[in-house]
Amino acid sequence: MKLVFPTLEYKDKAIEYIKEFYEYGSEINGSGSLDRFLKESTYEEWLKKVIASLDIANIPEEKVPAITYFYVREEDERIVGMVNIRLALNDFMRQEAGHIGYSVRPTERRKHYGTDLLKAALAVCERIGIQEVLLSCDKENLASAGVIKNCGGELVREFYSEAFEEMTQMYVIRLREV
């Protein structure tokens, strides 16, 4: 498995990835808004947004810099998951979402890809100097909570999120002692 920065080469595989979530009626997280762009625009426009999200000096105030990766199985180049790593947090992200959003396609769940994907994302966070990684999940999403706990996540609070209209759990993963 490998993290792959999105390119035009992955267009068809990315579209197939998102379509699978719709086919299974599954919520989409951590896609860097790929699902929204495919509804309202194009994959090419989404790629421009992904690249612009790295341009820290020119990010609009209400947005945060972020990097999005596909999690690709090397044998068949299939996108198994996606992860969006926020390089900095504004108040909303600090309170509601955290540093990392991720997803695993419905047909690849229960194969430990979620834990492996989150570990790969945490390695990126450590490389760029984020020492305390915040992650949130729907309280009802026991699989996501399990993935976070498998990676050392400690529950820090539980709250009702007006933005997501659900009970939410916020976890912290400490990568190094501060």
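- Under a hydrophobic-cluster definition in which Ile, Leu, Val, Met, Phe, Trp and Tyr are linked whenever side-chain heavy atoms come within less than 4.5 Å, directly or via other members, Tyr171 and Phe164 are assigned to different clusters.
- The environment of CG in Asp91 is sparse: at most 12 heavy-atom neighbours from other residues, nucleotides or ligands sit within 6.0 Å.
- Ring planes of Tyr10 and Phe70: tilted class, angle from 30 to 60°.
- A donor and an acceptor atom, one from each side chain of Asn29 and Ser103, are nowhere located under 3.5 Å apart.
- The residues Lys19 and Glu23 are annotated as not salt-bridged, no charged nitrogen and carboxylate oxygen being separated by less than 4.0 angstrom.
- When the side chains of ILVMFWY residues are joined at heavy-atom separations under 4.5 Å, either directly or via intervening members, Val4 and Leu117 end up in a single hydrophobic cluster.
- The CD atom of Glu132 lies 11.0 Å from the CD1 atom of Ile173; values are rounded to the nearest 0.5 Å.
- The nearest pair of heavy atoms linking Cys125 to Val133 is CB-CG2, 3.9 Å.
- Look at Lys13 and Glu77 and you find no salt bridge, because none of the NZ, NE, NH1 or NH2 atoms lies under 4.0 Å from a carboxylate O.
- A salt bridge does not link Lys119 with Asp116: every distance from a Lys NZ or Arg NE/NH1/NH2 to an Asp or Glu carboxylate oxygen is 4.0 Å or more.
- For the residue pair Thr168 and Ser161, the shortest heavy atom distance occurs at OG1-CB, 3.4 Å.
- With a 4.5 Å cut-off on side-chain heavy atoms, Tyr22 and Lys39 count as touching.
- A continuous path of hydrophobic side-chain contacts links Leu47 to Phe37 [ILVMFWY only; heavy atoms under 4.5 Å].
- Tested against Met82, the residues Thr68, Val104, Asp35 include a single side chain to side chain contact (heavy atoms under 4.5 Å, CB included) partner, Thr68.
- Remark: side-chain polar atoms of Glu20 are paired, donor with acceptor, to backbone N or O of Thr107 under 3.5 angstrom.
- Pairing each heavy atom of Leu54 with each of Ile67, the nearest pair is CD2-CB, 3.7 Å.
- Residue Gln95 holds its CD atom at 12.5 Å from CE of Met93, rounded to the nearest 0.5 Å.
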From CA spacing to verdict: side chain to side chain contact (heavy atoms under 4.5 Å, CB included), Ser41, Lys49 | CA-CA 11 Å; Ser41 186; Lys49 176 253 183 209; over 6 Å; no
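- Scanning all heavy atoms of the two residues, the minimum distance from Leu175 to Ile130 falls at CD1-O, 3.2 Å.
- Rounding to the nearest 0.5 Å gives a distance of 4.5 Å between OG of Ser31 and CD1 of Ile18.
- Salt-bridge formation is detected for the pair Glu45/Lys48: a Lys NZ or Arg NE/NH1/NH2 atom is positioned less than 4.0 Å from an Asp or Glu carboxylate oxygen.
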Begin from the C-alpha positions of Met167 and Glu158 and carry the test side chain to side chain contact (heavy atoms under 4.5 Å, CB included) through to its verdict.
-> CA-CA 7 Å; Met167 283 302 294; Glu158 207 170 85; 4.1 Å; yes
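- To the nearest 0.5 Å, atom CD1 of residue Ile148 and atom CE of residue Met170 are 9.5 Å apart.
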Glu44/Leu8 under side chain to side chain contact (heavy atoms under 4.5 Å, CB included): CA gap, chis, key distance, verdict | CA-CA 7 Å; Glu44 291 80 4; Leu8 199 51; 3.6 Å; yes
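- The number of heavy-atom neighbours closer than 6.0 Å to NZ of Lys2, taken from other residues, nucleotides and ligands shown, is above 12.
- Taking every heavy atom of both residues into account, Gly98 and Arg86 meet most closely at O-NH1, 2.8 Å.
- With hydrogens and angles disregarded, no donor-acceptor distance shorter than 3.5 Å links the side chain of Asn90 to the backbone of Val64.
- In this structure, a donor-acceptor pair under 3.5 Å is absent between the side chains of Tyr24 and Arg105.
- A single hydrophobic cluster is seen to contain both Val50 and Ile100, as judged by linkage of ILVMFWY side chains at heavy-atom distances under 4.5 Å, directly or through other members.
- Using a distance-only test at 3.5 Å, with no hydrogens or angles considered, a donor-acceptor pair links the side chain of Tyr43 to the main chain of Thr7.
- For the atom pair Ile28 CD1 and Arg36 CZ, the distance stands at 12.0 Å (nearest 0.5 Å).
- Met1 is connected to Leu118 through a chain of hydrophobic side-chain contacts under 4.5 Å among Ile, Leu, Val, Met, Phe, Trp and Tyr, so both are in one cluster.
- Between Arg94 and Arg157, the shortest heavy-atom distance links the atoms O-NH2, 4.3 Å.
- To the nearest 0.5 Å, atoms CG (Asn141) and NZ (Lys139) are separated by 13.0 Å.
- At least one donor-acceptor pair under 3.5 Å links the side chain of Ser136 to the backbone N or O of Ala97.
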With side chain to side chain contact (heavy atoms under 4.5 Å, CB included) as the test, would you mind laying out the steps for Val147 and Tyr113 before giving the verdict?
-> CA-CA 9 Å; Val147 165; Tyr113 287 125; over 6 Å; no
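- Side chain of His99 to backbone of Ile85: no donor-acceptor contact under 3.5 angstrom is found.
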